[in-house]
2 protein chains.
Amino acid sequence: MGNSREDVVNAALKLLDSWGLEFFSMRRLAGELDVQPSALYHHVASKQELLGFMAARIVGQVEVDADVVASCHRLRAAMLAVRDGAEVVATASAFRMGVSELEARLAAVTTPDVARTLLLYVMGHTEATQLHRQASSLGVIEADPDLDASFDRGLAIILTALPAAVDA
Amino acid sequence: MGNSREDVVNAALKLLDSWGLEFFSMRRLAGELDVQPSALYHHVASKQELLGFMAARIVGQVEVDADVVASCHRLRAAMLAVRDGAEVVATASAFRMGVSELEARLAAVTTPDVARTLLLYVMGHTEATQLHRQASSLGVIEADPDLDASFDRGLAIILTALPAAVDA
DNA sequence: ACCTGAACACCGTTCAAGT
DNA sequence: ACCTGAACACCGTTCAAGT
């Protein structure tokens, strides 16, 4: 039929959300698209590049405005919206893709250092939240009802420095 | 000859440091120990558990005292000392192992929220540093001479909130 | 442009059996 | 207690060839 790269990324995100990163494989994705595994490499150079496209999509529509706390909440929500989304974004963003744009937009409403600190914090906390929720939904661990509030307190800790940093 | 779990973890850390996480496999580790792959499962329940033991060892001897900045520097140095160390610790610590002890010690000299924020920041920044250094040593990217200073500025941003938080 | 078929060089893990 | 041998059920990626 002729898939496009967009089709591949769409199917990949769907597969990730229903199976999780652990079972996300190129061969499984090929199966989902009714195509041979080798066909995927017509649309994508490697699995890692594909994960980068997926991360960019997860994070791509997040709006960043002057309300820094709300912006961080939106980023967190976007990553939590797809299974293992935070891990995919964190891994890919270490390699830089799409997230650097987010950092720039955040820097525009704060400072470069605050933006970087904030972003590392949001990703780390969100990844921990997602793993914790997954573990607790499997009954491996008791749920931590403080996770959401703890996110806000960390945000506040980082943003305490903002007024002084903007003056500098 | 009879290996102990300690032997396995030692060999694993050596293998990680010389090959990197990408090429770290149970089969390769078995080869290094002159043993069949299946023998490893006598000492360790899974690869994930083994990575947890490795992370605990990387982070285990880090001293945490009242000098929070110096403590964070020591943690950072410990992770940077072994190839892909930050990634191994970050992944394992999301699953909790040994790092929770570090968080507790850090909380004792700050507050629980500051400790958590600090730890997420230190791990995220160190992982990014390590990946960046690796990429730049491969010539994929130019070196960023600001990375070390940027680490300190982020630390300062988080610690701005500390006096108020301790009073509360 | 998009895909197939076949292959290459691997994986983690289990399990009966040996010493 | 520690290990072997053999198997199971997979991986990511390449590449000539087809349409």
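Below, chain A is the first sequence line, B the second, and so on; all start at residue 1.
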Taking only side-chain N and O atoms of B/N3, does any of them lie within less than 4.0 angstrom of OP1 or OP2 on D/dC3?
yes
Separation between the C1' atoms of D/dC8 and C/dC10, rounded to whole Å
15 Å
Return yes if some donor-acceptor pair links the side-chain N/O of A/Q130 with the main-chain N/O of A/A86 below 3.5 Å, else return no.
yes
Interatomic distance, A/E22 CD vs C/dC11 C1' [rounded to whole Å]
14 Å
From C-beta outward on B/K47, which listed nucleotide comes closest to its side chain: C/dT13, C/dA1, D/dC3?
C/dT13
If you measure from the Lys or Arg side-chain nitrogens to the Asp or Glu carboxylate oxygens, is any gap between B/D7 and B/K14 under 4.0 Å?
no
Only distances under 3.5 Å count here; give the side-chain donor-acceptor pairs of residues 25-34 of chain B to other protein atoms, sequence neighbours excluded, each with its distance to 0.1 Å.
unit_1	atom_1	unit_2	atom_2	d
B/S25	OG	B/R28	N	3.0
B/R28	NE	B/F23	O	3.0

Step-by-step side-chain hydrogen bond (donor to acceptor under 3.5 Å, both in side chains) determination, B/S150 to A/R116:
CA-CA 9 Å; B/S150 138; A/R116 171 173 281 185; 2.8 Å; yes
Salt bridge (Lys or Arg N to Asp or Glu O under 4.0 Å): which pairs involve residues 152-163 of chain A, sequence neighbours left out?
A/D146-A/R153, A/R153-B/D113
B/R27 has its side chain closest, among D/dC3, C/dC2, C/dG12, to C/dG12
Rounded to whole angstrom units, what separation is found between the CZ atom of B/F24 and the C1' atom of C/dG12?
12 Å
Counting Watson-Crick and G-U wobble pairs whose two distances are both under 3.5 Å, find the runs of 3 or more in a row that involve DNA chain D.
C:4-8 with D:12-16, C:12-16 with D:4-8
Nearest-angstrom distance from the residue atom CD of A/E6 to C1' of C/dA1:
17 Å
Listed pairs, N/O of protein and of nucleotides 14-19 of chain C, under 3.5 Å:
none

Take the protein atom CG of A/L40 and the nucleotide atom C1' of C/dT4, then report the distance between them rounded to whole Å.
13 Å
Distance in angstrom units between B/R28 CZ and C/dA9 P, rounded:
14 Å
State whether the number of non-hydrogen atoms from other residues, nucleotides or ligands found under 6.0 Å of B/E6 atom CD is greater than 12.
no
Of all residues at least two apart in sequence or in a different chain, which pass the ring pair (Phe, Tyr, Trp, His ring centres under 6.0 Å) check with A/H43?
none
In this structure, how many angstroms lie between the P atom of C/dA1 and the CG atom of A/L33, rounded?
20 Å
Whole Å only: how far is the CG atom of B/L51 from the C1' atom of C/dG12?
12 Å
Figure out the CD/P separation between A/Q36 and D/dG12, and round it to whole Å.
14 Å
Return a table of donor-acceptor pairs under 3.5 angstrom between the side chains of residues 50-67 of chain A and protein atoms on other chains or two or more places apart.
unit_1	atom_1	unit_2	atom_2	d
A/R57	NH2	A/N10	OD1	2.2
A/D65	OD1	A/D67	N	2.9
A/D65	OD1	A/S71	OG	3.4
A/D65	OD1	A/R74	NH2	3.4
A/D65	OD2	A/R74	NH2	3.2
A/D67	OD1	A/A70	N	3.2

Please determine if a side-chain N or O atom of A/H43 lies less than 4.0 Å away from the OP1 or OP2 oxygen of C/dC3.
yes
